[in-house]
Visitor: 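Encoded as structure tokens, here's the structure I'll be asking about.
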Amino acid sequence: MASNPPAPPFTRESAIEKVRLAEDGWNTRDPERVALAYTIDSNWRNRAEFVNGRDAIIAFLTRKWRRELDYRLIKELWTFDDNRIAVRFAYECHDDSGNWFRSYGNENWEFDGEGLMRVRLACINDLPIKEEERKYHWPLGRRPDDHPGLSDLGF
């Protein structure tokens with residue numbers, strides 16, 4: 001059986017670690033790698049799209065990162081309890097026409113006993129921004145430890 005530590009029940013420290021690991025994974029923009037953090041039959045609601053299972057997650061993320069170029073994400077723990085974590089996030093990206101966006105949202109996560117996410121519910125709002133309004137300037141990949149988080153940036 002696959003596992004993805006840390007696993008429930010979560011403490012504040014393990015919930016913060018889980019959130020950062022999720023952020024790091026998504027910042028790879030590697031659909032196959034990201035999908036391994038979810039159960040085989042994971043259920044998502046992402047905006048108005050419903051995604052069921054790892055194969056559908058891989059297809060969804062592949063489409064997402066073909067459209068959302070230079071994607072950089074920051075997640076922050078909102079709250080947690082036993083096998084659930086709530087996060088808030090913001091990411092920046094641009095489309096193929098060079099239009100930049102900052103997308104803000106909240107996610108509710110539920111995990112199995114091995115630490116794999118079995119439910120992900122995401123609500124997301126997009127804000128068009130000018131390139132000079134961007135706040136995320138680290139090289140593509142993992143956010144540096146010394147880069148401000150959402151609260152530090154006033155998001």
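Quick note: residue numbers are just sequence positions, from 1.
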Visitor: Please lay out, stage by stage, how L140 and D70 fare under the test side-chain contact (heavy atoms from CB on, under 4.5 Å).
Guide: CA-CA 7 Å; L140 289 176; D70 290 321; 3.6 Å; yes
Visitor: With the side chain counted from C-beta on, respond yes when D126 and R47 share a heavy-atom pair under 4.5 Å apart, and no when they do not.
Guide: yes
Visitor: Please report the shortest heavy-atom distance between R29 and G141, naming the atom on each side.
Guide: NH1-N, 4.0 Å
Visitor: Hey, are the side chains of D81 and T79 touching, using non-hydrogen atoms and a 4.5 Å cut-off?
Guide: no
Visitor: Check S14 against T11 and note the closest heavy-atom contact, atom names and distance.
Guide: OG-N, 2.8 Å
Visitor: Who passes ring-ring contact (aromatic ring centres under 6.0 Å, His included) against W65, sequence neighbours left out?
Guide: W26, Y71
Visitor: Is there side-chain contact between L21 and N4, with at least one heavy-atom pair below 4.5 Å?
Guide: no
Visitor: Would you sort out whether L36 and R54 count as a side-chain contact (heavy atoms from CB on, under 4.5 Å), showing the intermediate values?
Guide: CA-CA 8 Å; L36 293 175; R54 271 195 198 153; 4.0 Å; yes
Visitor: In terms of side-chain heavy atoms, does N46 have a donor or acceptor partner in R120 at a distance below 3.5 Å?
Guide: yes
Visitor: Same cluster or not: are I58 and M117 linked, directly or through other Ile, Leu, Val, Met, Phe, Trp or Tyr residues, by side-chain heavy atoms under 4.5 angstrom apart?
Guide: no
Visitor: Salt-bridge test for E49 and R63: reply yes if a basic N is under 4.0 Å from a carboxylate O, no otherwise.
Guide: yes
Visitor: Say whether F155 and L127 are linked into one hydrophobic cluster, either directly or through other cluster members, by side-chain heavy-atom distances under 4.5 angstrom.
Guide: yes
Visitor: Is it the case that atom NZ in K135 sees more than 12 heavy atoms from other parts of the structure closer than 6.0 Å?
Guide: no
Visitor: Let me confirm one number: the CG-CG distance from N108 to N106, rounded to the nearest 0.5 Å.
Guide: 7.5 Å
Visitor: Starting at OG1 of T62, measure out to CD1 of I57 and round the result to the nearest 0.5 Å.
Guide: 11.5 Å
Visitor: Can you tell me how far CG of D55 sits from CD of E32, rounded to the nearest 0.5 angstrom?
Guide: 10.0 Å
Visitor: Which pair of heavy atoms, one from G115 and one from A7, lies closest together, and at what distance?
Guide: N-CB, 3.7 Å
Visitor: Identify whether the distance between the nearest side-chain nitrogen and carboxylate oxygen of D145 and R20 falls below 4.0 Å.
Guide: yes
Visitor: Taking L116's backbone N and O only, do any of them form a donor-acceptor pair with R118's side chain (distance below 3.5 Å, no angle check)?
Guide: no
Visitor: CG/N52 to CD1/I40 distance, rounded to the nearest 0.5 angstrom?
Guide: 13.5 Å
Visitor: Hey, is the main chain of G149 close enough, under 3.5 Å, to the side chain of E76 for a donor-acceptor pair?
Guide: no
Visitor: Quick one: do the R102 and Y104 side chains pair a donor with an acceptor below 3.5 Å?
Guide: yes
Visitor: Are the side chains of R84 and V119 in contact, using a 4.5 Å heavy-atom criterion?
Guide: no
Visitor: Measuring from atom CG of D152 to atom NE2 of H147, what distance do you get when rounded to the nearest 0.5 angstrom?
Guide: 10.0 Å
Visitor: CZ of F10 to CD of E17: how many Å apart, nearest 0.5 Å?
Guide: 9.5 Å
Visitor: Provide the closest heavy-atom pair for A90 versus Y136 in the form atom of the first, atom of the second, distance.
Guide: O-OH, 3.1 Å
Visitor: Hydrophobic cluster membership, with links at side-chain heavy-atom distances under 4.5 Å among I/L/V/M/F/W/Y: are I74 and L61 in one?
Guide: no
Visitor: Check A2 against E114 and note the closest heavy-atom contact, atom names and distance.
Guide: O-CB, 3.4 Å
Visitor: Determine the sole option in R143, K75, R88 for which the salt bridge (charged side-chain N to carboxylate O under 4.0 Å, His left out) test with E23 is passed.
Guide: R143
Visitor: For R72 and C93, indicate whether the former's side chain and the latter's backbone hold a donor-acceptor pair under 3.5 Å.
Guide: no
Visitor: Would you call E107 and F89 a side-chain contact if the rule is heavy atoms closer than 4.5 Å?
Guide: yes
Visitor: Would you indicate whether the side-chain heavy atoms of F80 and K18 approach each other to under 4.5 Å?
Guide: no
Visitor: Give the cluster check for V87 versus W78: same hydrophobic cluster or not, with ILVMFWY residues linked at side-chain heavy-atom distances below 4.5 Å.
Guide: no
Visitor: Would you mind reporting whether I85 and L77 have side-chain heavy atoms less than 4.5 Å apart?
Guide: yes
Visitor: Which heavy atom of A22 sits nearest a heavy atom of W109, and at what distance?
Guide: CB-CH2, 3.7 Å
Visitor: Taking the side chain as every heavy atom from C-beta outward, state whether N27 and W138 have any atom pair closer than 4.5 Å.
Guide: yes
Visitor: When you group the ILVMFWY residues by side-chain heavy-atom contacts below 4.5 Å and let the links chain together, are I124 and V51 in the same group?
Guide: yes
